[in-house]
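Values below: every heavy atom of this structure, side chains too, minus hydrogens, waters and symmetry copies. We count residues from 1, following the sequence as given. What you see is a predicted model; the values in this text were computed from it and never measured.
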Amino acid sequence: MTGREPCGLSGGLLDYKTVKFALTRNRRVGLLHRLLQLGVLGYLFGWVLLVQKGYQDTDPAPRAAVVTKLKGAAVAEVGGAGRRLWDAADYVRPPQGENVLFLVTNFIATTRQGQGTCPESPSVLDAMCTEDADCLMGNPVVRGNGIKTGKCVMFNTTHSTCEIYGWCPVENTTLPRKPLLAEAENFTLFIKNTVHFTKFNFSKCNTLQTNDPTYFKSCTYDPFFNPSCPIFRVRDMVEAAGETFGDLALLGGSIGVRIEWDCDLDRPAAQCQPQYSFSLQDRRTASYYWDSQRQLYRNLLKLYGIRFDISVHGQAGKFGIIPVAVSFGTSIAFFGAATVVCDLVLLYLDAKADVYWKEKFEEAKPPKGKTEAAA
């Protein structure tokens, strides 16, 4: 017996298992198997190939360039400086041509400020006083507009404030009840966007290729009737973002303009078109002048408006052998998994699991005569 032990050990290590197919008339497991196979086919053709386009190679990071130009004109009263015409050079900050711009829709004007002495605003807490001792000469006013002169003076009939040396009169803080540049709702914003997908060496521009020289002078973007026109009316963009122009223009706000490219390069290039979606800013500017006595003065404008932040995103896809191989390989693996699931149900969960187990796993022994000869 001792001499046969090594032989039995080596025989166990050298056993070979081969697949045995056993046909079972179990309708429940058969139905489960077909349902799993249909699920894999639905996943492959419905989700992977049709929805996710798993047969395509993709480029998710295009290079983008954006050029903007805002057009329009309005007339507004600038405090005591009279009526003033506003055009693109006045109401666009920073200068045009960038993907971020600020459109002035309202402002508070403080006209003809000159450097000198005047009472500080009573809205500044550090400027309130009852006597000169409250205003130490040479100290700057905390969150104020100048340097204290050491005097406590009357600002009006009800308030006394420290006299300051600075730009006088101090800044006006009374906000108009309506936006002074209400005509800005009819201004138009031209957005030219070019994308380049380097993986496929493909470039596309959002402007329509046309031989009509008057097209861009008369068209306005509409998502249904004129989606190829890159000229947007300001009011339409504000409303598309869920706001009303009057409310947003009074105190200002921010609107994001998202340009989304989703290009299927297996189709004609003309079908690659962008989709647009539209989702407070405080700025100051000052104009300096010299009066007839050669004294420096300025008109200070505290600007309110709408900030437009333009971003470009997108991806392009094109047929590729490697994505197709990966998609089909994954599906074949799922078919194998369906068989494994049915085997587990049949061998462990079915009422006749013992019978199926014996039929599936069978030990094949060599003929009796050959066994004795080997012994």
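A salt bridge links Asp57 with Lys199: at least one charged nitrogen is closer than 4.0 Å to a carboxylate oxygen.
Smallest separation of non-hydrogen atoms from Ala76 and Leu181: CB-CD2, 3.8 Å. Nearest heavy-atom pair across Cys168 and Gly116 is SG-O, 3.5 Å.
For the pair Phe334/Thr330, a side-chain contact is recorded, criterion being any heavy-atom separation below 4.5 Å from C-beta on. Side-chain atoms of Thr161 and Met128, non-hydrogen and from C-beta on, do get closer than 4.5 Å to each other. Using a 4.5 Å cut-off on side-chain heavy atoms (C-beta onward), Ile191 and Ile231 make no contact. Residues His313 and Ile259 are not in side-chain contact: their nearest non-hydrogen atoms beyond the backbone lie 4.5 Å or more apart. Residues Glu183 and Trp86 form no side-chain contact, since every pair of their non-hydrogen atoms from C-beta on lies 4.5 Å or further apart. Residues Val234 and Leu103 have side chains in contact (heavy-atom distance under 4.5 Å, counting atoms from C-beta outward). Side-chain contact check for Arg307 versus Ile255: every heavy-atom pair is 4.5 Å or farther apart. Looking at heavy atoms from C-beta onward, Val75 lies out of side-chain contact with Arg84 at the 4.5 angstrom threshold.
Applying the disulfide bond (SG atoms under 2.5 Å apart) rule to pairs touching residues 214-243 yields Cys219-Cys229, sequence neighbours excluded. Sequence neighbours left out, the pairs with a member in residues 181-203 that pass ring-ring contact (aromatic ring centres under 6.0 Å, His included) are Tyr91-Phe187. Listed by first then second residue, pairs satisfying ring-ring contact (aromatic ring centres under 6.0 Å, His included) with a partner in residues 214-235 read Tyr221-Phe232, Tyr221-Tyr276, Phe232-Tyr276, Phe232-Phe278, not counting sequence neighbours. For residues 27-69, no pair satisfies disulfide bond (SG atoms under 2.5 Å apart), with sequence neighbours left out.
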Quick one: do Thr105 and Phe245 satisfy side chain to side chain contact (heavy atoms under 4.5 Å, CB included)? Show the steps, please.
CA-CA 10 Å; Thr105 56; Phe245 179 83; 4.1 Å; yes
Could you walk me through whether Trp261 and Cys272 pass the side chain to side chain contact (heavy atoms under 4.5 Å, CB included) check?
CA-CA 7 Å; Trp261 294 84; Cys272 176; 3.8 Å; yes
Assess the residue pair Thr220 and Asp222 against the criterion (side chain to side chain contact (heavy atoms under 4.5 Å, CB included)); give the C-alpha distance rounded to whole Å, side-chain angles, the decisive distance to 0.1 Å, and a yes or no.
CA-CA 6 Å; Thr220 303; Asp222 185 277; over 6 Å; no
Would Lys318 and Asp266 count as a salt bridge (charged side-chain N to carboxylate O under 4.0 Å, His left out) here? Give the steps.
CA-CA 6 Å; Lys318 193 173 184 179; Asp266 294 325; over 6 Å; no
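By the neighbour-count criterion of 12 heavy atoms within 6.0 Å, atom CE of Met137 is sparsely surrounded, having that number or fewer from other residues, nucleotides or ligands. Applying the 6.0 Å contact sphere to CG of Leu85 captures more than 12 heavy atoms from other residues, nucleotides or ligands. Within 6.0 Å of the NZ atom in Lys192, the count of heavy atoms belonging to other residues, nucleotides or ligands does not exceed 12. Remark: Glu131 CD is packed, more than 12 non-hydrogen atoms of other residues, nucleotides or ligands lying under 6.0 Å away.
Once rounded to the nearest 0.5 Å, the distance linking CZ of Arg298 with CZ of Arg112 reads 13.5 Å.
The aromatic ring centroids of Phe107 and Tyr304 lie 6.0 Å or more from each other.
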Can you list, pair by pair, the side-chain donor-acceptor contacts under 3.5 Å of residues 30-41, counting residues two or more places apart and other chains?
residue: His33; atom: NE2; partner: Gln37; partner atom: NE2; Å: 3.4
residue: Arg34; atom: NH1; partner: Gln37; partner atom: OE1; Å: 2.8

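Residues passing the salt bridge (charged side-chain N to carboxylate O under 4.0 Å, His left out) test with Glu260 are Arg258, sequence neighbours excluded.
If you check the side chains of Gln273 and Asn206, you find no donor sitting under 3.5 Å from an acceptor.
Of the listed residues (Val141, Thr117, Thr149, Val124), just one forms a side-chain contact (heavy atoms from CB on, under 4.5 Å) with Ile164, and that residue is Val141.
Remark: Cys152 SG to Cys129 SG, distance under 2.5 Å.
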